[in-house]
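Some notes on the structure that comes next.
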2 protein chains.
Amino acid sequence: MTAPGPTFDVVDLIRVKRDGGRLPDAAIDWLISAYARGQVPDEQMAAFAMAVVWRGMAPDELSRWTAAMVASGRRLDLGGLGRPTVDKHSTGGVGDKVSLVLVPLVAACGAAVPQLSGRGLGHTGGTLDKMEAIPGWRATLPLGRMRDLLAEVGGVICAASDDLAPADRRLYALRDVTGTVESIPLIASSIMSKTIAEGTSALVLDVKVGSGAFMTDRSRARELARAMVGLGTAGGVRTVALLTAMDTPLGRTAGNALEVAEAVETLRGGGPADVRAVTVALAREMLALVGLDGCDPAAALDDGRAYDGWRRMVAAQDGDPDASLPVARHVETLTAPTGGLVRRVEARAVGVAAWQLGAGRGRQQDAVSAAAGVRLLAVEGDRVPAGAPLAELHADDPVRLARATRTLAAAFEIGAAPPVGSTGPDRVLERITSAEE
Amino acid sequence: MTAPGPTFDVVDLIRVKRDGGRLPDAAIDWLISAYARGQVPDEQMAAFAMAVVWRGMAPDELSRWTAAMVASGRRLDLGGLGRPTVDKHSTGGVGDKVSLVLVPLVAACGAAVPQLSGRGLGHTGGTLDKMEAIPGWRATLPLGRMRDLLAEVGGVICAASDDLAPADRRLYALRDVTGTVESIPLIASSIMSKTIAEGTSALVLDVKVGSGAFMTDRSRARELARAMVGLGTAGGVRTVALLTAMDTPLGRTAGNALEVAEAVETLRGGGPADVRAVTVALAREMLALVGLDGCDPAAALDDGRAYDGWRRMVAAQDGDPDASLPVARHVETLTAPTGGLVRRVEARAVGVAAWQLGAGRGRQQDAVSAAAGVRLLAVEGDRVPAGAPLAELHADDPVRLARATRTLAAAFEIGAAPPVGSTGPDRVLERITSAEE
């Protein structure tokens with residue numbers, strides 16, 4: 001990263017972007033590298049990021065930007081595992097425990113799934129936070145051990161190391177405090193630089209759309225999916241995206257231990273129909289990308305192969321798959337104020353309630369409660385009498401219950417008319433593939 | 001500035017502006033005050049500033065923003081001087097030595113002119129840099145002494161103290177490195193917050209338009225003038241703006257000592273016709289604003305009153321009005337490559353050449369050469385034979401001559417067709433007054 005090359009005046013580069021221009025390739029390489037090395041101050045990158053929110057990036061400019069972020073750190077080489085590598089990345093939704101089921105499931109079908117994850121911030125939970133609800137389980141894994149597990153078990157969920165796309169790490173923290181998160185090129189390059197750096201050969205993106213997702217608008221979600229598929233393809237990763245509905249929570253739980261339990265049910269062939277359906281759909285895409293279409297993921301859930309993989313995966317990272325999960329000290333029940341049909345269970349409000357109960361963090365450095373969260377006892381389409389239980393609120397700290405109860409109550413809409421949403425168990429809205437496919 | 005009041009989440013405020021909204025008054029007050037106190041980091045203000053470049057500000061929002069910048073420091077009270085206060089501010093042009101003539105001229109007519117100035121950066125010179133070419137002259141002046149001089153002599157040119165609009169001081173330095181200078185609301189509030197804080201009761205703005213000015217486009221210059229006139233009026237300062245042409249340098253000199261000499265010629269009733277004309281036009285506007293229209297500024301130039309005021313003003317700040325001005329160690333002459341009519345002498349190139357010769361600074365901390373600069377020997381409309389002298393280049397450091405000569409040569413266009421510009425000595429293009437007038 002310290003190779004000699006042209007240097008640039010950052011103010012000139014900011015001006016080019018501010019005025020709607022395209023940065024030359026060499027300028028992109030220099031800017032990202034200099035920023036990662038601390039040679040471009042945050043105030044200049046903040047102004048640049050806001051200019052990108054304003055002006056966007058041309059597709060080839062964005063590819064170069066993403067490649068420069070990958071080149072700011074190490075790119076893992078996952079060849080020679082004896083299995084084809086394929087990963088899945090979700091843009092985040094309420095109750096999205098899919099990774100916990102999908103990684104051992106696709107591994108059971110013969111692929112290697114290197115799921116390098118992050119922690120949650122805000123109302124959508126993080127996969128590592130969920131896994132850490134399992135007693136003993138550790139998120140960090142040395143690279144050699146990760147390779148061994150990918151070769152033997154086929155699946156790994158662990159923390160991404162600091163040397164993958166370090167420019168993105170710094171930029172993401174900056175965007176978080178400068179109102180520059182909401183930019184499709186910046187979101188796409190952030191996700192894809194980390195995913196390309198992790199060394200997978202193929203990738204399925206689960207782009208959530210709806211009130212509980214980062215993207216509430218379907219056309220914006222489609223735009224993000226197309227940008228990411230383009231970046232993956234340009235980066236040598238075979239990439240497909242599914243747009244999936246996130247207006248109502250996935251499954252019936254939101255919160256770390258509660259979601260692990262629901263994932264385990266699904267791994268044992270049960271679980272909520274929507275969780276199973278979306279997991280199987282994503283698994284089919286992943287297996288197709290690496291030529292393992294011969295394996296039927298639904299069968300692997302039903303015959304115990306996926307669950308067996310899960311147990312090995314958890315144990316390999318010092319987790320006890322048979323241990324009891326943490327239980328909250330306080331559980332309250334929300335009841336229906338009137339009888340009628342549950343027309344809507346609004347995802348975002350459920351996610352915020354779980355977060356208020358302690359399941360998520362407000363700041364990066366906060367700890368999360370493993371046991372806190374929401375269990376839905378009624379979902380869209382259910383008919384409930386007045387006073388019927390709608391949901392349980394789980395918290396370790398009883399002070400958190402009052403506000404979360406108000407939030408959760410507002411998530412439910414009960415009336416006479418039919419449900420607002422009509423996605424049912426099948427949440428897949430659209431499939432986005434590379435133009436080259 | 002530490003009064004209790006609401007506090008805000010800066011990220012929320014950035015988002016409001018990013019999405020095209022208007023900040024509530026209390027949020028503006030808080031943001032400016034917190035930034036001036038160092039409680040809002042530069043990266044957040046940089047993102048906010050870029051969002052303002054993008055989205056602009058509503059007129060009442062901009063008034064509040066400017067008032068908050070004034071309130072971030074001290075506002076001088078210049079009442080009780082026995083003279084009405086009126087100032088002039090120019091947005092900066094090449095060869096613009098007007099303040100040196102105008103301040104003693106308007107003072108000689110009975111007004112008090114508190115010209116608190118800055119130093120130059122880039123291709124337009126700063127008034128303080130010019131004055132400092134006078135042996136002994138000092139830019140800093142204690143407030144009490146400034147008041148005495150305003151009462152006795154009527155005119156003061158001195159450095160603005162650090163406690164006037166300190167929020168602007170910090171924001172201006174940030175904008176300079178983040179590509180956020182070019183925003184009409186930010187330029188207007190920066191200029192007007194400092195001018196309102198200096199305590200003048202009336203103000204004439206000289207908004208330069210053309211290649212040598214900050215605003216090259218007339219409609220943008222008009223927009224800036226209107227914004228500033230609106231802010232002055234809202235801030236209790238009677239304000240008028242003149243748009244004046246800056247396609248070719250004002251007068252025949254660009255450079256500190258060279259411009260002082262030309263200003264002195266003008267103060268003695270001579271000098272270039274354009275310098276005299278624009279100075280008299282601005283003086284008439286200033287005198288009209290404070291009810292001193294009875295005084296004829298042209299007469300005050302011709303009968304020695306203005307020059308007498310100049311000598312007292314210079315002497316009061318330890319300058320010797322009779323001392324010889326610094327002379328450059330190296331003078332070269334640029335000659336005409338072909339004969340013909342001088343069709344254009346492009347202001348910006350002349351300014352850049354003077355800067356390259358040492359008259360200006362590239363960075364805030366650089367020193368300037370008092371003697372360096374350009375003297376034009378031919379101006380637009382002159383007919384010259386091949387080999388005729390076009391300009392002198394003055395430098396202390398001979399290394400600077402080669403590049404500046406190339407720059408200056410490119411400023412001249414000689415041909416058969418008539419001159420490109422046709423402003424002649426009268427440079428006033430438009431007069432902008434408050435809607436309330």
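This structure is a prediction, so every number in the text was calculated from the model and none was measured.
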**Fill in**
Hits for side-chain contact (heavy atoms from CB on, under 4.5 Å) against A:Arg400, two or more places apart or cross-chain, chain-then-number order -> A:Asp397
**For A:Arg218, all residues meeting salt bridge (charged side-chain N to carboxylate O under 4.0 Å, His left out), sequence neighbours excluded** = A:Glu430
**Request:** Over 60° means perpendicular and under 30° means parallel, so classify the ring planes of B:Trp30 and B:Phe8, tilted if in between.
**Result:** tilted
**Prompt:** Mind checking whether B:Phe48 and B:Trp65 have ring centres under 6.0 Å apart?
**Reply:** yes
**Message:** So if I take each residue of residues 9-17 of chain A and look for any heavy atom under 4.5 Å from a heavy atom in chain B, which residues do I end up with?
**Reply:** A:Val11, A:Ile14, A:Arg15
**Asked** Between B:Thr178, B:Asp42, B:Thr180, which residue shows the highest count of heavy-atom pairs closer than 4.5 Å to chain A?
**Response** B:Thr178
**Counterpart residues, side chain to side chain donor-acceptor pair (under 3.5 Å), relative to B:Arg220 (two or more places apart)** = none
**Request:** Mark yes or no for whether A:Arg64, through its side chain, and A:Ile28, through its backbone, hold a donor-acceptor pair below 3.5 Å.
**Result:** no
**Asked** Side chain, backbone, both or neither: which part of A:Ala49 has a non-hydrogen atom closer than 4.5 Å to chain B?
**Response** neither
**Message:** Taking the basic N atoms (NZ, or NE/NH1/NH2) and the acidic carboxylate oxygens, is any pair closer than 4.0 Å for A:Arg55 and A:Asp19?
**Reply:** no
